[in-house]
J.: 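Got a structure for you, questions after.
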Amino acid sequence: MVKQVRQERAIRTRNALIESAAALFARHGYEVVSLSTISARAGVSNGALHFHFPSKAALAEAVGVAAAQRFGRIIAGEVLPAQRGGVPERGGFARHEGASAYGGSTRHEGAPERGASPRRIEAPRRWDAPRRDEAASKQGAASRQNSALQTLIDTSHALLRGLGHDAVLRAGFALGDGAEAVGRGEDLYRRWQEWVTEVLARAEREGLLARGLAVRDAVTAVVGATIGFAVLGGHEGQWLSRTTLTRFWTLLLPRLATPTALEGLMASGRLPETR
């Protein structure tokens, strides 16, 4: 029992040091932060700090590892809510079944155009045809919500939310940036670019990208904007807000996706609102 209590205390101390170092690294930079400042902020002695981490470099490496793990959970979708059926709620492009996302025609398929000659009367439809049509519409909307593009939107929102609330994640991006970052952790900017490239390539295979759009151009737009928001967010939190990213996706998606793929996409993502 005593051994277990000591182990739990050691884990709490180690985590407190990582959180303290991350907050200071993210705010002031790795070079200027001292170990004594880190230990004081964590509320532990210098001796306890050196017991867990023999040097500042070792502590920075631990911060980088923790940040990479958290980033990995974000791109794996673990922070996303359970998938719900039906069409998206307000905040996205889809409005309701049968409606165009951009003000196009809501005419049901098969209905005559205005002024067109009447068509011959067809045989009565099955009694359950409306239910079948409704089910197919919901299935199509749910499929679009599960698409590579919706995954990209959701994950970008999760990333910026994480950067706004998680000092370890922010420090991980800062520590892994540039040539001086050797030994301090993974380059999360590069990892984000690789992940976005992979997802947009999948969107292309799924036939979701607009005709004539090159994957590399889409990657440039998405990565450039999201990383730009991340950097600017270090100076002004509004750049990491859901509103900012939703406006970006609202602007980009009509150029990025086919008209069919566009319906059902939620520019605001499917993450629950934070209070």
J.: Between Ser147 and Gln150, is there a side-chain donor-acceptor contact under 3.5 Å, judged purely by atom types and distance?
T.: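 There is no such pair (donor and acceptor under 3.5 Å, judged by atom type) between the side chains of Gln150 and Ser147.
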
J.: Side-chain contact test, heavy atoms from C-beta onward, threshold under 4.5 Å: evaluate it for Val222 versus Leu252 and give yes or no.
T.: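 Val222 vs Leu252: side chains touch.
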
J.: Judged by modelled atom types alone, do Ser34 and Thr37 share a side-chain donor-acceptor pair under 3.5 Å?
T.: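 Yes, Thr37 and Ser34 have a side-chain donor paired with an acceptor closer than 3.5 Å.
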
J.: Quick one: are Glu194 and Glu198 in side-chain contact, heavy atoms under 4.5 Å?
T.: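 SC-SC contact between Glu194 and Glu198 ruled out.
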
J.: Output yes when a side-chain donor or acceptor of Ser39 lies under 3.5 Å from a complementary backbone atom of Ser36, and no otherwise.
T.: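 Yes; judged by distance alone, with no hydrogens or angles, the pair exists.
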
J.: Do the non-hydrogen side-chain atoms of Glu61 and Phe53 ever get within less than 4.5 Å of each other?
T.: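 Glu61 vs Phe53: side chains apart.
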
J.: Any side-chain to backbone donor/acceptor pair from Asp154 onto Arg270? Under 3.5 Å, distance only.
T.: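 Here the side-chain-to-backbone pair exists.
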
J.: Over 60° means perpendicular and under 30° means parallel, so tell me whether Tyr189 and Phe173 are parallel, tilted or perpendicular.
T.: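 Answer is perpendicular, since the angle exceeds 60°.
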
J.: For Ala267, is there any backbone N or O sitting under 3.5 Å from a side-chain donor or acceptor partner on His157?
T.: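 Side chain of His157 to backbone of Ala267, a donor-acceptor pair under 3.5 Å: yes, one is there.
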
J.: Quiz question: by atom type and distance under 3.5 Å, do the side chains of Trp249 and Ser156 form a donor-acceptor pair?
T.: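 There is such a pair between these side chains.
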
J.: Will you find, in the side chains of Asn15 and Glu19, an N or O donor that is under 3.5 Å from an N or O acceptor?
T.: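 Their side chains do not contain a donor-acceptor pair, so the 3.5 Å distance test is not met.
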
J.: Give a yes-or-no answer on whether the side chains of Thr244 and Ser241 include a donor-acceptor pair shorter than 3.5 Å.
T.: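 Looking only at side-chain atoms, Ser241 and Thr244 do form a donor-acceptor pair, the distance falling under 3.5 Å.
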
J.: Is there a side-chain contact between Leu49 and Thr13, using heavy atoms and a 4.5 Å cut-off?
T.: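 Not in contact.
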
